[in-house]
Structure formats: C-alpha cells, structure tokens
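Read the structure below first, then the notes.
Keep in mind that the numbers below use all heavy atoms, side chains included, and drop hydrogens, waters and symmetry copies. One-based numbering, in listed order, for ligands and for the atoms of each.
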Amino acid sequence: MLVSATEMLQKAKAGHYAVGQFNINNLEWTKAILATAQELNSPVILGVSEGAGKYMGGYHVVVGMVNGLIQDQNITVPVALHLDHGSYDHCYKCIEAGFSSVMFDGSHYPIDENVEKTKELVAAAHAKGISIEAEVGSIGGEEDGVIGAGECADPNECKAIADLGVDFLAAGIGNIHGKYPANWKGLSFETLAAVQEKTGDLPLVLHGGTGIPADMIKKAIDLGVAKINVNTECQLSFAAATRKYIEAGKDQEGKGFDPRKLLAPGAEAIKATVKEKMELFGSVNKA
Ligand code: 13P
C-alpha cells in the first residue's frame with residue numbers, strides 16, 4: 001500500500017538519515033527501484049515529473065502500475081508516490097488520481113501568491129491524508145523544461161511557507177538539477193543552517209542529488225535534510241548499460257532485440273545506483 005511521505009521523513013530527520021526520492025519513467029525503472037528498496041529494507045519515494053506522468057500515459061496509469069507492483073512483487077517497505085515539481089493544476093490531478101504525496105513548486109510565483117496557493121493545496125492534500133512538499137528559492141539547472149537559476153532560499157520566506165503546514169520543504173541552497181559545472185561553489189551550508197533554525201523539526205529536501213560529493217551529502221543530512229532527490233544519475237547509468245548492450249549486438253536472429261533483454265541491463269544498473277544512494281543516505285534497514 002502507498003503511504004504518505006510524512007511519517008517516513010519525520011523518522012528520517014529524527015534518526016539523522018535521508019530517504020531517497022528516485023524519479024521513474026517506466027515499468028522497468030519502477031520495478032528496479034522497488035526491488036532495491038525491498039532488498040535493502042529501506043523506505044523509498046518514487047518521484048514523477050509532469051513530463052514523465054504524461055509519457056507513462058497519465059497519472060491513473062502510474063498509480064495503477066505502482067500499486068500493482070507493490071501487490072504482485074510483495075513490496076512491504078513504505079513507498080510514497082510523489083509528484084515532482086508539480087504545478088497548481090497537476091497537484092490537484094495527482095491528489096485525485098491516488099498519489100500519496102505531491103510537491104507544489106510555486107517558487108516562480110511572488111511569495112504572496114506562493115503562500116496563497118500553497119495554503120489551499122495543503123488543505124486539499126491533508127484532507128486526503130496526502131503529504132505535500134513546497135519549494136522556496138529555485139533549484140538551478142533544467143528538469144523537464146523547468147529552468148531555475150539556483151538561488152539560495154531566504155530563511156524568512158522558508159518560515160512563512162513552513163508555517164502553512166507543509167510536511168517537508170525544499171530550500172534552494174546552491175543545488176542544481178543535472179551535472180554540476182566544474183566551477184560550482186558547492187552547497188551553502190550557511191543557508192541550510194539558517195533555514196533549519198527557522199523551520200525547526202520540519203524535514204528539509206535536497207534536490208539535484210546527482211553529483212554532490214558524499215561529504216556534502218552527509219553534512220546536509222546532519223543539518224536537517226531528510227529527503228534527497230536523484231534523477232540524472234539513474235538516467236546516466238541506465239543509458240550507459242543500454243548502450244553497452246546494443247553495442248555488443250546481442251540481437252535475436254531475424255527478430256531484432258528482445259525488448260525484455262534490451263532493457264534488463266539498464267534496470268540492473270539502476271538497481272546498483274539506487275543501492276549506492278540508499279547506503280550513502282543511511283536509509284538501509286530503516287523501513
Ligand atoms: P538530479 O537530476 O540532479 O539528480 O535531480 C533530481 C531532482 O532534484 C528531482 O526533483
């Protein structure tokens with residue numbers, strides 16, 4: 001059964017570890033991530049961007065696929081299905097379709113409008129027992145067409161949004177989606193500490209988990225980060241393994257590639273990436 005992410009993240013924050021959010025794109029990715037979480041006895045959050053939701057055929061398809069895998073693959077660890085960087089309208093669509101968690105990315109609105117919309121969505125999500133994440137200070141880089149400059153959040157704005165009753169908060173601390181440029185200055189722990197001071201026990205979220213050095217990840221967790229989002233790294237490992245398989249030319253006589261065999265190495269590569277992250281984040285055996 002899907003669960004909201006609130007309890008797993010409160011436990012993570014209290015226990016000084018973080019739960020990984022791994023973005024999904026299809027059945028193979030989802031199955032690989034769930035199998036790894038089960039094998040490592042770790043809670044997990046499946047992230048779905050609006051683009052990925054559309055690609056998979058719609059939010060009801062995603063809910064049906066994830067619930068079916070949980071049942072048929074005997075997944076017993078806590079799993080949250082979470083809309084990643086949702087717009088106002090799509091948060092409502094996911095709440096209606098059966099997601100157990102949503103992120104409202106109102107960071108591009110003026111703070112007053114972000115507050116107003118977040119307040120309304122908090123009520124709608126909580127009425128159905130769904131958790132809700134909000135964002136202050138945009139995360140840099142490009143993800144599914146959403147481009148941000150990577151600013152640092154204003155701790156007072158974080159407090160204003162936290163006070164609306166969101167369950168966890170993504171605060172920009174110099175993190176960006178995708179690969180970090182060579183001249184990246186690193187995470188702003190000063191900002192993170194200031195946000196943490198203003199928001200108390202609220203679990204904080206670190207987006208752009210790909211390519212952040214392990215020592216920075218650990219320090220971020222020490223300072224209150226309880227959820228870390230990873231997408232690009234799964235994509236890179238999936239692509240490398242698939243390319244290798246194709247280049248090895250293992251196609252069937254006169255039939256082209258067996259589609260199941262074609263996607264298997266990529267799925268194995270995702271399992272390895274997810275395992276490495278769960279170990280680094282400290283969520284193993286925390287289900
Ligand atoms: P990366 O693609 O950098 O891992 O970031 C993922 C993310 O933050 C999803 O919201």
Where ligand 1 meets T232 - atom numbers and elements under 4.0 angstrom, heavy-atom basis: 1 (P), 2 (O), 3 (O), 4 (O)
N/O separation below 3.5 Å, T210 to ligand 1: yes
Enumerated ligand 1 atoms positioned under 4.0 Å from heavy atoms of H85: 10 (O)
Region of D84 engaging ligand 1 - heavy atom pairs below 4.0 Å: side chain
By ring pair (Phe, Tyr, Trp, His ring centres under 6.0 Å) - contacts of Y92 (at least two apart): Y88
Ring center gap for F281 and Y17 short of 6.0 angstrom: no
Interfacing atoms of ligand 1 (cut-off 4.0 Å, heavy-atom, G178): 1 (P), 2 (O), 3 (O)
Numbered atoms and elements of ligand 1 in range of H207, under 4.0 angstrom, heavy atoms: 8 (O), 10 (O)
Pairs involving residues 226-245, ordered by first then second residue, that meet salt bridge (Lys or Arg N to Asp or Glu O under 4.0 Å) (sequence neighbours left out): E133-K227, E233-K277
Under-4.0 Å salt bridge between E268 and K271: yes
Side chain to side chain contact (heavy atoms under 4.5 Å, CB included) assessment of V230 paired with N23: CA-CA 7 Å; V230 178; N23 284 46; over 6 Å; no
Pair E113 + K117: basic N to acidic O under 4.0 Å: yes
Ligand 1 versus Q235: contacting region, heavy-atom distance under 4.0 Å: neither
Ligand 1 contact by G208, heavy-atom criterion under 4.0 angstrom: yes
N231 N/O under 3.5 Å from ligand 1 N/O: yes
Electrostatic pair K93:D89 at N-O distance under 4.0 angstrom: no
Sub-4.0 Å atoms of ligand 1 with respect to non-hydrogen atoms of V230: 4 (O)
